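Quick one: structure below, then a few questions.
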Amino acid sequence: MDLFKKEENIFSVTQITNSVKRLLENSFGNVKVVGEISNFKPHFSGHWYFTLKDASAQISCTMWKSANARVRFTLEDGMKIVVSGNLSVYPPRGTYQIDVHSMQADGVGELQAAFERLKARLADEGLFNQELKKSIPTLPKKIGIVTAIDSAAFKDMVSVAQRRYPLVELFVASSRVQGEGAAENIAKNIKLLDSRGDLDVIIIGRGGGSLEDLWAFNEEIVARTIFEAKTPIISGVGHEIDFTIADFVADLRAPTPTASMELATPNKDDILNYLENYFEESTSIINSIISSFKDKISDLIISYGFKSHNHILNNNIQNLDNYLFRIENGLNNKIQKKMSELEIKSNIISSFNTDNILKRGFSLVKQDNVVISRGESFDFDKKTKIKFYDKEIEIK
Amino acid sequence: MSTKKKTFEDSLMRLKEISDLLEENEVGLDESIKLYEEGVKLAKECYKTLSEAQLKIKELKADLENDI
């Protein structure tokens, strides 16, 4: 088509814009452009709009939902990235833009910066708060693992569990741990295990690798899933020197996947030692309890309580004696009283008898107050009393 | 007592409880002897369970196709 042949050829806005659009799209094809992000706006539809700029120019960018779902880091203004996409024109505004298909952080420095920014933001939100961390149970029955089931890291975790605490049951949700969609996959598997509700702890882990390899564990979706999980989570990602966002959010950070299983399980040998000691210790304790009871018994026997028993007994015996004594006394007194009464009465009775005889004219001779009833008993040398009825006389 | 239903973890917890009770020295003689017997029995069971345990592993699969 020869556009400029006819001088009077006039385009409508749409015609010229569409011509430019066609020209642009066909002549550039796929381009890679490096620049700094500004005006980043994630639309509620899920599409992204932002501007890529450098010191002296800028260009609008769009990234559709289907494409940006695969971006493995959180976009922020100021971040330096390399985008890959097609140049295009947006007719309603008459602007040209890049339809971004994929993007990468511009070097490790940028990933590191993205890491720091996300870390700072999540820290501000309280996702790393120490007081929100759940405690890891000491005797787990069931442990969930989110990792690649064919990885060396998983084999290590299994052998640690086998060696340390084979009583535990492992529930593995095999996950992609690097590359496209890995973060979503990890998050999904964490949710899957967490939703069971019967796991004591979940380990998320993978072996060592580059910053890019470990990147899934630095993504916001993983961080938020860990934070929201109700099951305690241990992270064991990479080597000792690697810190990921997941490590900060997790309830416990293990330096390696192997260490994560060590932190999640008690040591069988420790428990076996405890049990062995238990026999010895509890036997010596029960023996000391028994002997302390023996001591108590012998203490009791010589205690005042037991002695006072004797006192009481003696007192009682004394009381009894006293009563007996008093009864005896009373009885004697009574007997004596009766006896003397009886004597008086018998005297009276007997005197009445003599009185009657004396009345009739007989008399009674007494010497030494003894009645002399026979003549041969009479002693002429003694004082003699003669008792008549009316009186008693004494003769020499 | 339903020792049948007890898990290893329960037994081990109970064992610690028993040794604490015995060490506190505040239970009576009869009770102490009962606790001692229970403890020794539990310890033997735990020992056996742990020595004979074999690791169990189950794989779970998330339904990844749905709800993305």
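Keep in mind it's a predicted model, so treat the numbers as computed, not measured. Keep in mind that the numbers below use all heavy atoms, side chains included, and drop hydrogens, waters and symmetry copies. Each chain gets a letter, A, B and so on, in the order the sequences are listed, and its residues count up from 1.
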Begin with the C-alpha distance, continue with both residues' side-chain angles, and end with the deciding distance and a verdict on side-chain hydrogen bond (donor to acceptor under 3.5 Å, both in side chains) for B:T7 and B:D10.
CA-CA 5 Å; B:T7 65; B:D10 295 336; 3.1 Å; yes

Distance-only donor-acceptor check, side chains A:T244 and A:N218, under 3.5 Å
no

A:K65 atom NZ, neighbour heavy-atom count above 12 within 6.0 Å
no

Okay, A:I286 and chain B: the region with an atom under 4.5 Å from a heavy atom over there is side chain

Could you work out, with salt bridge (charged side-chain N to carboxylate O under 4.0 Å, His left out) as the rule, every residue matching A:R163, not counting sequence neighbours?
A:E262

Checking A:T283 against chain B: side chain, backbone, both or neither under 4.5 Å from a heavy atom?
both

Pairs under 3.5 angstrom only: tabulate donor-acceptor contacts from the side chains of residues 137-147 of chain A to other protein residues two or more places apart or in another chain.
unit_1	atom_1	unit_2	atom_2	d
A:K142	NZ	A:D198	OD2	3.0
A:T147	OG1	A:G205	O	2.6

With respect to chain A, which residue among B:L12, B:I18, B:L35, B:T49 yields the maximal number of heavy-atom pairs within a distance under 4.5 Å?
B:L12

Pull out the residues in residues 263-280 of chain A that come under 4.5 Å of chain B, heavy atom to heavy atom, sorted by number.
A:K268, A:I271, A:L272, A:Y274, A:L275, A:E276, A:Y278, A:F279

Under 4.5 Å from any heavy atom of chain A, what part of B:Y47 do you find: side chain, backbone, both or neither?
both

I'd like to know if B:R14 and B:E17 make a salt bridge, using a cut-off of under 4.0 Å between side-chain N and carboxylate O.
yes

Is atom CG of B:D30 surrounded by more than 12 heavy atoms (other residues, nucleotides or ligands) closer than 6.0 Å?
no

Residues at least two apart in sequence or cross-chain that pass salt bridge (charged side-chain N to carboxylate O under 4.0 Å, His left out) with A:R164, listed by chain then number, are none

